[in-house]
Amino acid sequence: MAVEELKSAASPDTDEILTSCDISPGSDGDSETEEGEIVGEVDSSEGKGEAANQSHLLEHPWTFWFDNPSAKARQVAWGASMRPIYSFSTVEDFWGLYNNIHHPSKLSIGADLYCFKHNIEPKWEDPVCANGGKWTVNISRGKSDICWLYTLLAMIGEQFDHGNEICGVVVNVRARQDKVSLWTKNASNESAMVSIGKQWKELVDCNETIGFIFHDDAEKFGKSAKNRYTV
Ligand code: MGP
């Protein structure tokens, strides 16, 4: 069951993401995960019979990742404290997870919460992301919950015409504002990138102009990287 597996997947560094209800980190001392390790897998053979028959399989399996600000402060290299916290492949498991992890407005400043296609790491270094980029919507601090949810639903529900170009979404909780970014695979595919940007804006009801940055540019120029596309 999703919540039970969430409990066992929790580690001190990922605990902040879990809602307070009755979920606590595993106490066996063996709950710490290694970077890149998928700690929770949805076992499709679980609950054979009636319950299993009611599961609605998604087109892709997905993984939530989390980077805890206090762990980040101790990290030596970017991404070293980022952890995959749970993978899901059915609608039911998505909701089980979504309802038991904090939404962005409840996360501490500095936190990063990701949902990426399973087996794609949310890093420029991942081979699938390496030639990609991202669209970003800036939202006032604490107001990104709806954008986060609608983006998740659009992604996992395969609402995008160029859904195969999507890697995943991240919400960065920052003191100035929250940022929700949609990561894509082939940044130079302008028509697909622009189509995704336009559709995303509609899906999340965004009226502002948004920009697309190539990861290559972000790596070379940091915060000075310029938008290559805007919609
Ligand atoms: P950022 O994407 O501008 O956002 O990354 P963030 O985390 O909101 O930054 P903040 O300062 O506003 O809090 C900031 C920096 O993190 C980049 O300039 C890189 O140094 C590093 N960084 C970000 N990403 C997504 C990566 C990545 O995928 N790989 C590596 N190696 N470094 C990254």
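Indexing begins at 1, ligand by ligand and atom by atom, following the structure's order.
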Do the two ring centres, one from Tyr86 and one from Phe64, sit under 6.0 Å apart? no
For Asp112 and Asn172, test the side chains for any donor-to-acceptor distance below 3.5 angstrom and give the result as yes or no. yes
Is there a side-chain contact between Cys115 and Phe88 (heavy atoms, below 4.5 Å)? yes
Tell me the nearest of Glu219, Glu121, Arg174, His215 to atom 6 (P) of ligand 1, using heavy-atom distances. Arg174
Numbered atoms of ligand 1 (with element) below 4.0 Å of Arg176, judged on heavy atoms: 12 (O)
Within-4.5 Å side-chain heavy-atom neighbours: Lys117 and Trp62: yes
Which residue holds the protein heavy atom closest to atom 9 (O) of ligand 1, what is that atom called, and what is the gap in Å? Lys223 NZ, 3.1 Å
Closer than 4.0 Å: a protein non-hydrogen atom to atom 20 (O) of ligand 1: no
Apply the side-chain contact (heavy atoms from CB on, under 4.5 Å) test between Val231 and each candidate in Glu202, Lys201, Met193, Gln199; give the one that qualifies. Lys201
Taking the side chain as everything from C-beta on, heavy atoms only, tell me whether Asn189 gets closer than 4.5 Å to Ser191. yes
Do Tyr150 and Asp205 touch side chain to side chain, with heavy atoms closer than 4.5 Å? no
Polar atom proximity, Asn172 to ligand 1 (N or O, under 3.5 Å): no
Interfacing atoms of ligand 1 (cut-off 4.0 Å, heavy-atom, Lys179): 4 (O), 6 (P), 8 (O), 12 (O)
Counting only nitrogen or oxygen atoms and a 3.5 angstrom limit, does Glu125 reach ligand 1? yes
For Lys134, the ligand 1 atoms whose distance to one of its heavy atoms is below 4.0 Å: 2 (O)
Under 6.0 Å between ring centres, would you say that holds for His103 and Tyr98? yes
among protein heavy atoms, the one nearest atom 28 (O) of ligand 1 is Trp124 N, 2.8 Å
Please work out which of Trp78, Trp183, Phe221 has its closest non-hydrogen atom nearest to atom 33 (C) of ligand 1. Trp78
From atom 15 (C) of ligand 1, is the closest protein heavy-atom distance below 4.0 Å? no
